[in-house]
Amino acid sequence: MPPSMVSGDSQVVFFDLETTGLDTNVCDIIQISAISGDSVFDVYTFPCSPIPYNVTQITGLSLGNSGLLHHGNQVPTVLIGTGLASFISFLRSFQRPLLIAAHNGSRFDVPVLERALQVHGLMCYFQQMKPRFLDTLLLGKQLFPTGISSYSQENLVQHFLGTSYDAHNALADVKALQELYRKWDPDRENVSLCSF
DNA sequence: TGCCAGGCCCTCTTTAGGGCCTT
């Protein structure tokens, strides 16, 4: 495992959600992706609510007659409860303290994930792992307080890695975020300051 | 009818307002 995927004693796992909207109180999860080193997790989940047109424009995800479509191509889906349980199993596989990282995670991904875990009765299994979270948006601002025009993940990846990627596909997002973290190689103090 | 996320952060602020960041 690359050293950058470990912070102190913790395993750093990058995760991202695609959802049906921005309201963390009501949106449905439609994709869960995570990565740590070469270990990858990626599932699509069938939402209970429609996918608004503006979300389809952003994510490429839409509902067809027979299932979930990504840019018009059907993708396999699981029930959200099954997807969440699989995600917990993925996290457990690391068998060490977890530091789960997401961009703007403190404001979006983590509240959405925790609500979904609560609704599906899985929060207790998740909490058994005693995970901590890292917000890479806060980390970027902490590490580079000036000289950055935008702290969006897409802009940070362009700025620090000089590359573009398939933003708003959760799997592509977590891969890019991991590479960004490797580039930053933050020390434990800065990571701790942006963790919760 | 009209509105439609939300909370932190910054500043042309503090008796406020707008931009950012996530989908």
Side-chain angles (χ1 to χ4, degrees), chain A residues 12-35 41-64 67-72 75 77-78 80 83-84 87 99-119 131-161 164-181 184 186 190-196:
Chain A
V12 186
V13 179
F14 302 87
F15 98 108
D16 186 51
L17 303 176
E18 301 304 321
T19 70
T20 56
L22 291 172
D23 187 341
T24 57
N25 294 307
V26 299
C27 66
D28 283 350
I29 295 171
I30 41 182
Q31 188 183 12
I32 308 171
S33 296
I35 191 169
F41 178 86
D42 184 38
V43 299
Y44 290 96
T45 59
F46 199 85
C48 297
S49 56
I51 300 176
Y53 179 67
N54 70 307
V55 173
T56 295
Q57 286 185 307
I58 292 167
T59 65
L61 293 167
S62 61
L63 293 178
L68 185 65
L69 309 176
H70 185 233
H71 294 302
V75 293
T77 59
V78 298
I80 179 60
L84 291 169
F87 184 46
L99 184 62
I100 303 175
H103 202 67
N104 202 25
S106 62
R107 307 286 307 283
F108 187 76
D109 300 85
V110 174
V112 172
L113 175 66
E114 289 187 331
R115 180 175 57 84
L117 289 168
Q118 199 78 53
V119 166
R132 285 179 59 76
F133 294 100
L134 167 65
D135 190 328
T136 55
L137 172 60
L138 301 179
L139 182 62
K141 290 182 176 179
Q142 173 78 23
L143 293 173
F144 310 101
T146 61
I148 306 293
S149 60
S150 163
Y151 292 88
S152 71
Q153 181 176 318
E154 198 167 7
N155 189 69
L156 290 171
V157 168
Q158 179 64 53
H159 182 92
F160 286 98
L161 303 180
S164 57
Y165 66 101
D166 183 19
H168 297 297
N169 175 277
L171 183 57
D173 278 331
V174 295
K175 287 179 177 178
L177 191 59
Q178 177 168 253
E179 291 308 308
L180 187 63
Y181 187 88
W184 287 353
N190 280 309
V191 169
S192 180
L193 284 171
C194 301
S195 301
F196 55 101

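Predicted model only: the values in this text are computed from it and were never measured. Within every chain, numbering begins at 1; the chains are lettered A, B, ... in the order of the sequence lines, protein sequences first and strands thereafter.
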Counting the atoms with a prime plus P, OP1 and OP2 as sugar-phosphate, which does A/D173 contact under 4.0 Å by heavy atoms, base, sugar-phosphate, or nothing? sugar-phosphate
Taken in chain and number order and not counting sequence neighbours, the residues that satisfy side-chain hydrogen bond (donor to acceptor under 3.5 Å, both in side chains) with A/T56 are none
Find the distance A/Y151:OH to B/dC9:P and express it as a whole number of Å. 13 Å
Between C1' of B/dT22 and CD of A/E18, the distance in whole Å: 10 Å
Taking B/dG17 as the reference, what is the distance to B/dC4 when you measure between their P atoms (whole Å, please)? 15 Å
Residues which pass side-chain hydrogen bond (donor to acceptor under 3.5 Å, both in side chains) with A/Q158, listed by chain and number, not counting sequence neighbours: none
Taking atom P of B/dT23 as reference, at what distance in whole Å does atom OH of A/Y53 sit? 19 Å
Is there a donor-acceptor contact under 3.5 Å from the side chain of A/R115 to the main chain of A/V110? no
If the P atom of B/dG2 is compared with that of B/dG19, how far apart are they to the nearest Å? 24 Å
Among side-chain atoms of A/D16 and A/S33, is any donor-acceptor pair under 3.5 angstrom? no
A/T20 near the nucleic acid: base, sugar-phosphate alone, or nothing, with a heavy-atom cut-off under 4.0 Å? nothing
Might you list the N or O atoms of the protein lying below 3.5 Å from N or O atoms in nucleotides 17-19 of chain B, with each pair's distance?
none

Can you name the ring-ring contact (aromatic ring centres under 6.0 Å, His included) partners of A/F46, sequence neighbours left out? none
Qualifying residues under side-chain contact (heavy atoms from CB on, under 4.5 Å), relative to A/S152, sequence neighbours excluded: A/S150, A/E154, A/N155
Under the rule for side-chain contact (heavy atoms from CB on, under 4.5 Å), what residues qualify as partners of A/H70, not counting sequence neighbours? A/Y44, A/L61, A/V75, A/N169
Mind calculating the distance between CG (A/N155) and C1' (B/dC21) to the nearest angstrom? 12 Å
Looking for any heavy atom pair under 4.0 Å, which part of the strands does A/H103 touch: base, sugar-phosphate only, or nothing? sugar-phosphate
My understanding is that only residues two or more places apart in sequence, or in another chain, count here; which of them pass side-chain hydrogen bond (donor to acceptor under 3.5 Å, both in side chains) with A/E114? none
Residues which pass side-chain contact (heavy atoms from CB on, under 4.5 Å) with A/L138, listed by chain and number, not counting sequence neighbours: A/S106, A/D135, A/C194
Using whole Å, report how far CG of A/L180 lies from P of B/dC21. 14 Å
When rounded to the nearest Å, what value does the distance between C1' atoms of B/dT13 and B/dC8 take? 15 Å
Counterpart residues, side-chain hydrogen bond (donor to acceptor under 3.5 Å, both in side chains), relative to A/Y165 (two or more places apart): A/Q153, A/D173
Residues passing the ring-ring contact (aromatic ring centres under 6.0 Å, His included) test with A/F41, sequence neighbours excluded, are A/F87, A/F90
With B for base contact, S for sugar-phosphate-only contact and - for none (protein heavy atoms under 4.0 Å), nucleotides 2-8 of chain B reads ---BBBS
Taking atom types as modelled, find out whether A/H168 and A/T59 have a side-chain donor-acceptor pair closer than 3.5 angstrom. no
Result for 5'-nearest mapping on DNA chain B, choosing between A/L17 and A/L138, is A/L138
At a cut-off of 3.5 Å, list every protein nitrogen or oxygen paired with a nitrogen or oxygen from nucleotides 11-13 of chain B, distance to 0.1 Å.
none

A/L156 CG to B/dT22 C1', in whole Å, measures 13 Å
From NZ of A/K141 across to C1' of B/dC20 the rounded distance in Å is 6 Å
Round to a whole Å and report the spacing from CG of A/L177 to P of B/dT22. 10 Å
Can you tell me, in whole Å, how much space there is between the C1' of B/dT1 and that of B/dG18? 26 Å
Measuring only the C1' atom in each nucleotide, how far is B/dC3 from B/dT11? A whole number of Å is fine. 28 Å
